Amino acid sequence: MHASLPADEELFLWTAEDGFGFYEIGEVVAEEMDARAVSFDPKSLRVRTHDVTDFITNPVKRIYRVTLDSGREVHVTKDHNIFTLDEWGEVTRVASEDAIGEHVMVPGTLPGPRGEETEIDLVDLFAEDDEEVVVYAADGLGSVDWNDVADGSQRHYESRDSAPLSAVTSTAIPNDAEIAFKQSDTRIPRYLDVTSELGWVLGFYVAEGYARRNQLIFTNTNEQYLDRVADWFNQYDTSLSWSETPHGVSQLTVCSTLWSKVFRALAGEGSTKNVPERAWNWSDTVLESFLGGLLDGDGHRREERATLYTANEELANRATYLGSRLGYATSTYYRERDNEANSDEWSVDFYDSSSYKRGQYVPNPSKLLKSLREDAGLTMAEVAEDIGRSSKSSVSNVENEEYETVKRETLRAFRDCYAEHGVDVSRLDDILTEHVRFDRVESVEKTDRVETTYDLEVQPNGRKIENFLGGFGGIFLSNTAGFIDPGYEGQVTLELSNLGSAPVALTPGMRISQLVFTELATPASRPYGEERGSKYQGQRGPQASRIQGDQEFGGDQ
């Protein structure tokens, strides 16, 4: 079945240049981006990154909206596959059109960065052609292009050991340089340390601050929060002013065009303020502080959960991913507020995983549990007594699939019982790691969209990873195997794999596959064949993988 997404559906990927970030799948396929997908391993259920190995453009299809109980959402074709567990606790797929009521895989955690960003280079943050920013360096700036600078201005800059950023090559700027805004004496170091306090102030800005060209303004009824903001800016000798609004709310103004530019470049402004793109490459400690700033500015903390409120749908999306990164179970809700503007509001709940009711359920691995009990040589009554249940019916109901799901704590009790009797419980350990969680499909709705669809292949070194993370809030999505490339000539090897535990009988004449032809509107720009060093061109009969011919395995392909 084809697992296809519309061009504007976002994926969470890692690239060597930018680290983790969000990309529209249409852009990823068009540019054939060298990227790694965030995926779970079907064998261990651990979430890591894996190479994207192919880029696929599919025919025009109707788009459907799949919504989960937690508010996660993705737009896909109706025959798109998402993941659950079968009765043996093994990964299986279900088409979205049949998925209502199924508990499907979402991330319980996200991988951390490959090399954390510990400082922000303001030279890189600002474009090199930015004429408003000035660089100061007492020991000189190397080669400066003064062609577009008036003679009088050049003398002024040189007398102050400075130059416009647009006139200096970034590689020539010394590390101890300082950055300032044109016609301003306020300077800050070229490198800004990524600390927990910076994370908190940025989070508070996204939730409760706003930017003008020459100011950052923070308002709150709790002056302690504003004092914390002021303390951070004071370390850079920044000009600050305090006032009170007509409604008695305290207001802190950061009087700096440069700081306004920095914060807008990092986290946006107005209704577009969001988790900084580069924040996914910061440490969990900094991100925890960023989330704390969000919640202190526009949230509410209860004993069992914390909630962020926002009118920005994209912030709700990123905050849900942020919760997964930090190991929280999350739920996102939308409502139209009952006010004059009928404005939108999203609420994002963050739970400790042990207190989140929905996140405590997994698809019932009934046959696996029965098999483990038999391997342990135990009766249902003996297991019930061991795990503290009053009768064997509690075990019988699980093994006979009276329940579609089972609580994690119940599954752990079974696991401990069977482990004590020397049984291999490694599969239960995989399920209980919480690298993945399970979320019930609430609805699958037909939309008015009919358009070209796209897909990725994630099969590094032939491994059956075959999934990637995308959609609002994050859902694991199945990928399609690569197509037969335009220009290919030869016989096709049909590969079948039985992922279940029971044999499947194939009989002569049984329909086991389909061949679909798609007509090209124009000749292929890179046809399969000798010029590409294609390994399978002209093959006859069934062929084994020739991946050993690729360069990374010592070949010349």
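Keep in mind it's a predicted model, so treat the numbers as computed, not measured.
- Annotation: Gln235, atom CD; neighbour count of heavy atoms from other residues, nucleotides and ligands within 6.0 Å is above 12.
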Exercise. Passes side-chain hydrogen bond (donor to acceptor under 3.5 Å, both in side chains), Ser256 versus Thr238? Steps please.
Worked result: CA-CA 7 Å; Ser256 170; Thr238 308; over 6 Å; no
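- Ring to ring, Phe20 and Phe12 are close: their centroids are under 6.0 angstrom apart.
- Residues Pro460 and His50 share a closest heavy-atom pair of CG-CB, 4.0 Å.
- Contact detail for Pro111 and Thr49: the closest heavy-atom pair is CG-CG2, 4.1 Å.
- Put simply, the residue from Phe233, Tyr210, Phe204 that forms a ring pair (Phe, Tyr, Trp, His ring centres under 6.0 Å) with Phe263 is Phe233.
- Applying the 6.0 Å contact sphere to CG of Asp34 captures no more than 12 heavy atoms from other residues, nucleotides or ligands.
- For the residue pair Tyr403 and Val398, the shortest heavy atom distance occurs at CD1-CG2, 4.1 Å.
- Contact annotation: the side chain of Pro365 approaches that of Val406 to within less than 4.5 Å [non-hydrogen atoms, C-beta and beyond].
- Gln251 CD: more than 12 foreign heavy atoms inside a 6.0 Å radius.
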Exercise. Side chain to side chain contact (heavy atoms under 4.5 Å, CB included) between Ile179 and Phe126: does it pass, once the steps are laid out?
Worked result: CA-CA 10 Å; Ile179 307 298; Phe126 301 136; 4.1 Å; yes
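- Partner of Arg36 under the side-chain contact (heavy atoms from CB on, under 4.5 Å) criterion, chosen from Val458, Val52, Asp51, Thr15: Asp51.
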Exercise. Please walk me through it: do Ser366 and Glu87 pass side-chain hydrogen bond (donor to acceptor under 3.5 Å, both in side chains)?
Worked result: CA-CA 5 Å; Ser366 55; Glu87 60 269 30; over 6 Å; no
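- Within a 6.0 Å sphere centred on CZ of Arg412, heavy atoms belonging to other residues, nucleotides or ligands number 12 at most.
- Here the shortest heavy-atom pairing between Leu125 and Leu266 reads CD1-CD2, 3.9 Å.
- Considering Arg48, Arg463, Lys464 as possible partners of Asp41, the one that fulfils the side-chain hydrogen bond (donor to acceptor under 3.5 Å, both in side chains) test is Arg463.
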For this session: Could you go through the salt bridge (Lys or Arg N to Asp or Glu O under 4.0 Å) check for Arg440 and Glu404 one step at a time?
Result: CA-CA 11 Å; Arg440 183 179 176 276; Glu404 292 183 358; over 6 Å; no
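- Going from atom CH2 of Trp232 over to atom CD of Glu197 covers 9.5 Å, rounded to the nearest 0.5 Å.
- You'll find the ring centres of Trp282 and Phe290 outside the 6.0 Å limit.
- Judged by distance alone, the side chains of Thr453 and Thr77 never bring a donor and an acceptor atom under 3.5 Å apart.
- Side-chain atoms of Thr186 and Tyr236, non-hydrogen and from C-beta on, never get closer than 4.5 Å to each other.
- By the 6.0 Å contact criterion, CZ on Arg212 is open, its count of non-hydrogen atoms from other residues, nucleotides or ligands being 12 or less.
- Surrounding CD of Glu451 are more than 12 heavy atoms belonging to other residues, nucleotides or ligands, all under 6.0 Å away.
- For Trp200 and Asp296, the side-chain atoms include at least one donor-acceptor pair closer than 3.5 Å.
- Side chain of His435 to backbone of Val47: a donor-acceptor contact under 3.5 angstrom is found.
- Residues Arg389 and Thr410 have side chains that bring a donor and an acceptor to within less than 3.5 angstrom of each other.
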Problem set entry | Test log, rule side chain to side chain contact (heavy atoms under 4.5 Å, CB included), inputs Arg325 and Leu287 | CA-CA 9 Å; Arg325 164 69 181 274; Leu287 289 181; 3.5 Å; yes
Exercise. Hey, mind stepping through Val133 and Lys261 against side chain to side chain contact (heavy atoms under 4.5 Å, CB included) and telling me if it holds?
Worked result: CA-CA 10 Å; Val133 176; Lys261 191 176 184 69; 3.7 Å; yes
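- With a 4.5 Å cut-off on side-chain heavy atoms, Val194 and Glu116 do not count as touching.
- Ion pairing of Lys273 with Asp298 is absent here, as no side-chain N (NZ or NE/NH1/NH2) approaches a carboxylate O to less than 4.0 Å.
- Between the side chains of Glu27 and Tyr454, no donor N or O sits under 3.5 Å from an acceptor N or O.
- The closest side-chain heavy-atom distance from Arg46 to Phe40 is not below 4.5 Å.
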For this session: Evaluate side chain to side chain contact (heavy atoms under 4.5 Å, CB included) for Trp14 paired with Val38, printing each intermediate quantity in order.
Result: CA-CA 8 Å; Trp14 182 91; Val38 175; 5.9 Å; no
Exercise. For Glu401 and Lys367, what are the C-alpha separation, side-chain angles and deciding distance, and is it a salt bridge (Lys or Arg N to Asp or Glu O under 4.0 Å)?
Worked result: CA-CA 9 Å; Glu401 298 184 75; Lys367 290 185 178 178; 5.7 Å; no
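- Contact check for Trp88 versus Arg427: no side-chain heavy atoms found under the 4.5 Å cut-off.
- For Arg302 and Thr307, the side-chain atoms include at least one donor-acceptor pair closer than 3.5 Å.
- Between Glu208 and Asn220, the side chains place a donor N or O and an acceptor N or O closer than 3.5 Å (distance only, hydrogens not considered).
- Residues Asn317 and Gly471 share a closest heavy-atom pair of OD1-O, 3.9 Å.
- Within the 3.5 Å criterion, the main-chain N or O of Asp237 finds no donor-acceptor partner in the side chain of Asn234.
- One distance of note links CG of Leu308 with CG of Leu322; it measures 9.5 Å at 0.5 Å rounding.
- Proximity of a side-chain donor or acceptor of Asn479 to a complementary backbone N or O of Asp455 within less than 3.5 Å is not detected.
- Between Gln224 and Asp227, the side chains place no donor N or O within less than 3.5 Å of an acceptor N or O (distance only, hydrogens not considered).
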Problem set entry | Arg318/Glu277 under salt bridge (Lys or Arg N to Asp or Glu O under 4.0 Å): CA gap, chis, key distance, verdict | CA-CA 10 Å; Arg318 297 288 198 267; Glu277 288 288 341; 3.6 Å; yes
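- Checked against the 6.0 Å centroid criterion, the rings of Phe476 and Phe468 do not qualify as a close aromatic pair.
- Looking at Glu442 and Thr67, their side chains never bring a donor and an acceptor atom within 3.5 Å of each other.
- Side-chain contact between Val29 and Ile56 is absent, with no heavy atoms from C-beta onward closer than 4.5 Å.
- With rounding to the nearest 0.5 Å, the separation of CG in Leu13 from CG in Leu456 is 7.0 Å.
- One N or O on the side chain of Arg408 and one on the backbone of Ile431 form a donor-acceptor pair closer than 3.5 Å.
- With rounding to the nearest 0.5 angstrom, the CG atom of Leu216 is 9.0 Å from the OG1 atom of Thr253.
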For this session: Applying salt bridge (Lys or Arg N to Asp or Glu O under 4.0 Å), run through Asp124 and Arg278 and close with a yes or a no.
Result: CA-CA 12 Å; Asp124 290 339; Arg278 64 202 309 141; over 6 Å; no
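- With hydrogens and angles disregarded, a donor-acceptor distance shorter than 3.5 Å links the side chain of Thr447 to the backbone of Ile63.
- The nearest pair of heavy atoms linking Thr330 to Ser70 is O-CB, 3.6 Å.
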